[in-house]
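Report on one structure; see the data block that follows.
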Amino acid sequence: MIVLGIETSCDECSAALVKDGQEVLSNKISTQIEFHRPYYGVVPEIASRKHLEWIYPVVESSLNKAGIGLTDIDGIAVTYRPGLIGSLLVGLSFAKGLAYAAGKPFMGIDHILAHLYAPHLEHDISYPYLGLIVSGGHTIIAKVDSFKSFKVLGTTIDDACGEAFDKVAKHYKLGYPGGVEIDKLSKHGSPSAFHFPKPSLHKGSHTYDVSYSGLKTAVINQLDKFWDGSSEKSVENIAASFQQTAIDIIAEKVIQAANDTGIKKIVAGGGVAANSYLRKVLKRNSGYDVIFPSPVYCTDNGAMVAGIGCRYLEEGEISPLNLNAEARVPRFRRI
Ligand code: KG4
Ligand code: ZN
């Protein structure tokens, strides 16, 4: 079974072909980083216009790389929620048109489920497990029961983890994407140079919820109020101290959830799952089975969409052609 997967929920325009849910035949990713870099963040209008320009050649080159034609595929999967609405609509409309014209089954895929599926491309993983999705738009700890169902145990009450990396980087003009630059700078800095606060959440917050806005503000205030150019206050030290605190916040909650639920298998995904300190700190806890995707499958990619698309197709879960894009998903329910 071969499925074409299309991903345009944010700023990566990607198309991939995956066989039987695991064998990646091609995974083309056209990144828009250079167009958003001057703004230190994704500009939605630029993103959707670039997707419009690139979607056809990206899909075509994905088919060429795999050496197959449209007639050889069994179905078309596409991200339809959540994400930037203009960006989602480009991929969704394209996928629907292609599926209709080629007479192939069409499957709308939830972006969080696709990120959760990404590690399955490279590993045989049984359910249930604790899923950790950390990206520019999401911070979720979930009990994952199957490729299409999960229950949220904890989430951020304000900024997403990757968003905090991006905003700190923007403020210090460290480069874009912020998470990647902070990860690199941290290797040359001391994580104990600054003591940034971890949040204490108010009563009524869920046990596994996290918060990033206080940390973000504290780090930014170092620049606004106290910056004196001294070597101790180097950007490398700021980056390393921020990174350690930001990652410890979420890593501690995942370990706590693993201990409380007795589910000792932790599977990570999303752009921040590429972070070198997160990978180190979670794997350091030897009592847990921790699985990370390769970095290329952490950030947005078509392969994870095509992979989960194979599972949907196997189960006959086909979407109607009037499926609409959704920027947000009001679906999270806790156990
Ligand atoms: O999954 P993704 O490509 O898009 C969303 O669905 O949001 O994640 C992008 C996010 C950005 O915030 C980026 O700064 C962050 O992932 N990121 C990282 C690293 N690589 C990407 N954050 C920390 N360390 C990294 N190595
Ligand atoms: Zn994503």
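Numbering of ligands and ligand atoms starts at 1, following listing order. A quick note: this is a predicted structure, and the numbers were derived from the prediction, not measured. Computed from heavy atoms alone, side chains included, the values below leave out hydrogens, waters and symmetry copies.
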Measure the acute angle between the ring planes of Y312 and F147, then classify it against the limits of 30° and 60° as parallel, tilted or perpendicular.
perpendicular
Starting from atom 22 (N) of ligand 1, which protein heavy atom do you reach first, and at what distance in Å?
G179 CA, 3.3 Å
Measure H138 to ligand 1 on non-hydrogen atoms and call it side chain, backbone, both or neither using the 4.0 Å cut-off.
neither
Among all protein heavy atoms, pick the one closest to atom 9 (C) of ligand 1 and tell me residue, atom and distance.
G136 N, 3.8 Å
What are the atoms of ligand 1, with element, lying closer than 4.0 Å to any heavy atom of D166?
11 (C), 12 (O), 13 (C), 14 (O)
For ligand 1, which atoms, with element, lie under 4.0 Å from some heavy atom of G162?
12 (O)
Within a distance under 4.0 Å of any heavy atom of V180, pick out the atoms of ligand 1 and give their elements.
19 (C), 20 (N), 21 (C)
With a heavy-atom distance limit of 4.0 Å, tell me whether N275 approaches ligand 1 through its side chain, its backbone, both, or neither.
both
Should E315 and R311 count as an ion pair when the cut-off is N to O under 4.0 Å?
no
Please determine whether C10 has a backbone or side-chain N, O or S atom lying under 2.8 Å from the Zn ion (ligand 2).
no
If you measure from each non-hydrogen atom of H115 to ligand 1, which part falls under 4.0 Å: side chain, backbone, both or neither?
side chain
Should the ring pair F242 and F165 be called parallel, tilted or perpendicular, given that the plane angle runs from 0 to 90° and is split at 30 and 60?
perpendicular
Check D183 against ligand 1 and report side chain, backbone, both or neither, counting heavy atoms closer than 4.0 Å.
side chain
Once you round to the nearest 0.5 Å, how far does CG of L282 lie from OH of Y277?
9.5 Å
Of all heavy-atom pairs linking R279 and P293, the shortest is NH2-O, 2.8 Å
For the pair Y208 and H206, name the ring-plane relationship: parallel under 30°, tilted 30 to 60°, perpendicular over 60°.
tilted
Consider only side-chain N and O atoms of S294 and E122, and report whether a donor and an acceptor are under 3.5 Å apart.
yes
Which is it for E45 and R49 under the salt bridge (charged side-chain N to carboxylate O under 4.0 Å, His left out) test, yes or no, and what are the steps along the way?
CA-CA 6 Å; E45 182 68 20; R49 283 170 188 265; 2.7 Å; yes
Just jot down the ligand 1 atoms closer than 4.0 angstrom to any heavy atom of A274, in number order.
26 (N)
Closest to atom 8 (O) of ligand 1 (heavy atoms only, candidates G271, G137, G269) is G271
Considering the heavy atoms of H111, write down every atom of ligand 1 situated less than 4.0 Å from one of them.
6 (O)
Give the atom numbers and elements of ligand 1 that come within less than 4.0 Å of a heavy atom of T299.
3 (O)
Give a rough value, rounded to 10 degrees, for the angle at the Zn ion (ligand 2) between atoms NE2 of H111 and OD1 of D300.
100°
N, O or S atom within H115 nearest to the Zn ion (ligand 2), by name
NE2
Could you tell me whether some N/O pair between D300 and ligand 1 is separated by less than 3.5 angstrom?
yes
Please confirm whether the ring centroid of H123 lies under 6.0 Å from the ring centroid of Y297.
no
Quiz question: by atom type and distance under 3.5 Å, do the side chains of S213 and D159 form a donor-acceptor pair?
no
Hey, is the Zn ion (ligand 2) within less than 2.8 Å of some N/O/S atom on H138?
no
Heavy-atom closest pair (A306 atom, A16 atom, distance to 0.1 Å) is CB-O, 3.8 Å
